[in-house]
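Position 1 is the first residue of the sequence; numbering continues from there.
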Amino acid sequence: MLFHFDHSPRAIVASIDDLRRRGADAQERLTGSWKKLALFILGGAVVIYLDVKFGYASHIFAIVGAVLVIMGFTMWVKRDRAAKQPELDSPSLRMTQRVIHTLRDDLAPTRNLHGSLDLRGSVDPGKLAHTKQDSRGRTVSYYRDDWLSMKAKLWDGSMLRVAVIKKLKIRDGYYKRGRVSGKQKFKPAVLKSVVNNIDVRISANPQLYSLSQASAPTIGQTIGTVTVQSVTVDGGLLRVVGSLSQEPMAQEFLELLRATYATLQRKDVA
């Protein structure tokens, strides 16, 4: 699921609240469907067994049992499809909600928060960046998942742009002939590496702030659990990219954001 937003932070937080409630309700219905599924299939099997055991000439019990079993498997298919839908109360959604809630008072009055939230999953076909062959001729796929991006004008006139990117390296599944049996066996895909990046860009208000490389975070510096990967100071633009192995939580995101913003040097305004 891909969401684009251009509203006030409070409106976005309220929308996420509603989305999470719907996700929780859907999960509850999904859990309850197991009981109905078991009853239909088990009931159908029992009815068919009775028909076979007692040999009813009309086979009415067998017909009813078959209908119950078919209904049970139909529910199974529907449940399986529902289970494959993106989770609507995922850690990514909760993190986004907390970040937006925290930033709500930092935005310029009457200004909206622009951005997108992509919950389609990191291995969605559209996120495949490229593939290549390893030394043994197996296909390795590289995915880039820009799952969160936001842009907003802050109360002091500076422009904030942030993004969260997840990069995956996956060795695709393949068939291999067994040395002893000679049969083809399927080797499942293997996740080789995961890198999460938080990209923070601040275009400082030139009337209030100045920037210098000396005041900016340094490459290799650790901010919480985030390691600074790159730093760019170009005129009034400060860009800091941090990396971490696990998917970032709101606290890690906000710590990097605060550390980046704190490097702005306020000018003496007469």
Side-chain angles (χ1 to χ4, degrees), residues 1-34 36-37 74-104 107 111-131 141-152 160-170 172-173 188-189 191 193-201 243-254 256-257:
M1 300 179 74
L2 177 62
F3 303 95
H4 295 282
F5 47 84
D6 183 9
H7 304 284
S8 69
R10 286 175 173 78
I12 297 171
V13 168
S15 296
I16 294 177
D17 267 333
D18 180 64
L19 192 63
R20 290 180 62 188
R21 279 195 297 269
R22 285 191 283 141
D25 291 343
Q27 186 61 40
E28 186 176 345
R29 290 194 299 270
L30 201 60
T31 302
S33 67
W34 272 117
K36 295 179 182 179
L37 178 63
T74 301
M75 290 178 61
W76 182 291
V77 172
K78 290 182 178 179
R79 189 191 186 284
D80 184 64
R81 289 177 180 173
K84 293 178 181 178
Q85 295 299 315
E87 187 182 355
L88 292 181
D89 193 19
S90 64
S92 299
L93 189 62
R94 293 194 292 272
M95 189 214 84
T96 302
Q97 184 180 33
R98 182 181 169 189
V99 167
I100 295 176
H101 177 77
T102 304
L103 293 175
R104 69 192 187 283
L107 269 61
R111 292 282 185 163
N112 287 344
L113 181 64
H114 312 267
S116 62
L117 173 63
D118 190 341
L119 299 179
R120 292 176 296 177
S122 298
V123 293
D124 182 85
K127 299 178 183 180
L128 179 63
H130 65 277
T131 62
S141 297
Y142 296 82
Y143 292 86
R144 178 187 171 98
D145 181 14
D146 298 68
W147 63 267
L148 176 63
S149 63
M150 297 187 295
K151 179 178 73 172
L160 171 68
R161 293 177 177 86
V162 293
V164 183
I165 304 104
K166 187 175 185 178
K167 300 176 182 177
L168 295 90
K169 177 183 177 182
I170 299 176
D172 294 353
L191 177 63
S193 65
V194 180
V195 176
N196 294 276
N197 291 133
I198 304 174
D199 188 340
V200 179
R201 287 177 288 174
S243 67
L244 63 168
S245 57
Q246 77 275 14
E247 191 166 311
M249 303 299 288
Q251 179 180 349
E252 295 156 340
F253 184 101
L254 293 168
L256 181 62
L257 183 57

Peer 1: Of all heavy-atom pairs between L107 and L103, which one has the smallest distance, and what is that distance?
Peer 2: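 Residues L107 and L103, closest heavy atoms: CD1-O, 3.3 Å.
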Peer 1: Looking only at heavy atoms, which two atoms of L113 and K151 are closest? And how far apart?
Peer 2: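 Closest heavy-atom pair between L113 and K151: CD1-O, 3.6 Å.
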Peer 1: Take S92 and L148 through the side chain to side chain contact (heavy atoms under 4.5 Å, CB included) test and state the conclusion after the steps.
Peer 2: CA-CA 9 Å; S92 299; L148 176 63; over 6 Å; no
Peer 1: Return yes if some donor-acceptor pair links the side-chain N/O of D146 with the main-chain N/O of I165 below 3.5 Å, else return no.
Peer 2: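 No: the side chain of D146 does not pair with the backbone of I165.
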Peer 1: Rounded to the nearest 0.5 Å, what separation is found between the CD1 atom of I100 and the CG atom of L117?
Peer 2: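 Going from the CD1 atom of I100 to the CG atom of L117 covers 8.0 Å.
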Peer 1: To the nearest 0.5 Å, how far apart are CG in L256 and CD in Q251?
Peer 2: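 Result: 12.5 Å between the selected atoms.
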Peer 1: Run the side chain to side chain contact (heavy atoms under 4.5 Å, CB included) test on T96 and W147 for me, step by step, so that the C-alpha distance in whole Å, both residues' side-chain angles and the decisive distance to 0.1 Å come before the verdict.
Peer 2: CA-CA 10 Å; T96 302; W147 63 267; 3.7 Å; yes
Peer 1: Under a 4.5 Å cut-off applied to non-hydrogen side-chain atoms, are D145 and V123 in contact?
Peer 2: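 No, their side chains stay 4.5 Å or more apart.
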Peer 1: For K167, which residues count as a side chain to side chain donor-acceptor pair (under 3.5 Å) partner, sequence neighbours excluded?
Peer 2: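 Once residues adjacent in sequence are excluded, K167 has no partner under the side chain to side chain donor-acceptor pair (under 3.5 Å) criterion.
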Peer 1: State whether a side-chain donor-acceptor pair under 3.5 Å links H101 with R104.
Peer 2: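 H101 vs R104: donor-acceptor pair found between side chains.
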Peer 1: Residues two or more places apart in sequence or in another chain: which of them pass side chain to side chain donor-acceptor pair (under 3.5 Å) with H114?
Peer 2: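 If we apply the side chain to side chain donor-acceptor pair (under 3.5 Å) test to H114, skipping adjacent residues, the hits are D6.
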Peer 1: List the steps, then state whether side chain to side chain contact (heavy atoms under 4.5 Å, CB included) holds for L244 with I198.
Peer 2: CA-CA 9 Å; L244 63 168; I198 304 174; 4.2 Å; yes
Peer 1: Between the main-chain N or O of G121 and the side-chain N or O of K166, is there a donor-acceptor pair closer than 3.5 Å?
Peer 2: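 Flag not set: sc K166 to bb G121 has no pair under 3.5 Å.
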Peer 1: Looking at side-chain heavy atoms only, is the closest gap between L160 and L257 below 4.5 Å?
Peer 2: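 L160 vs L257: side chains touch.
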Peer 1: With sequence neighbours excluded, what pairs up with H130 under the side-chain contact (heavy atoms from CB on, under 4.5 Å) test?
Peer 2: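 Only Y142 meet the side-chain contact (heavy atoms from CB on, under 4.5 Å) criterion with H130.
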Peer 1: Considering non-hydrogen atoms only, spot the tightest contact between M249 and M95 and give its length.
Peer 2: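 Residues M249 and M95, closest heavy atoms: C-CG, 3.5 Å.
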Peer 1: Which pair of heavy atoms, one from F5 and one from I12, lies closest together, and at what distance?
Peer 2: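 That closest heavy-atom pairing would be CD1-CD1, 3.5 Å.
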Peer 1: For S245, does its backbone N or O pair with a side-chain atom of N196 as donor and acceptor, under 3.5 Å?
Peer 2: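 Confirmed, N196 side chain pairs with S245 backbone.
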Peer 1: Minimum heavy-atom separation for D17 to Q97, with atom names?
Peer 2: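 That closest heavy-atom pairing would be OD1-NE2, 2.8 Å.
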Peer 1: Rounded to the nearest 0.5 Å, how far does OG of S8 lie from CZ of R111?
Peer 2: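 Result: 14.0 Å between the selected atoms.
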Peer 1: Start with the C-alpha distance between R98 and T102, add both sets of side-chain angles, then the distance that settles side chain to side chain contact (heavy atoms under 4.5 Å, CB included), and finish with yes or no.
Peer 2: CA-CA 6 Å; R98 182 181 169 189; T102 304; 4.3 Å; yes
Peer 1: Where is the tightest heavy-atom contact between S122 and L168, given as atom of each residue plus distance?
Peer 2: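 Shortest heavy-atom separation between S122 and L168 comes out as CB-CD1, 3.4 Å.
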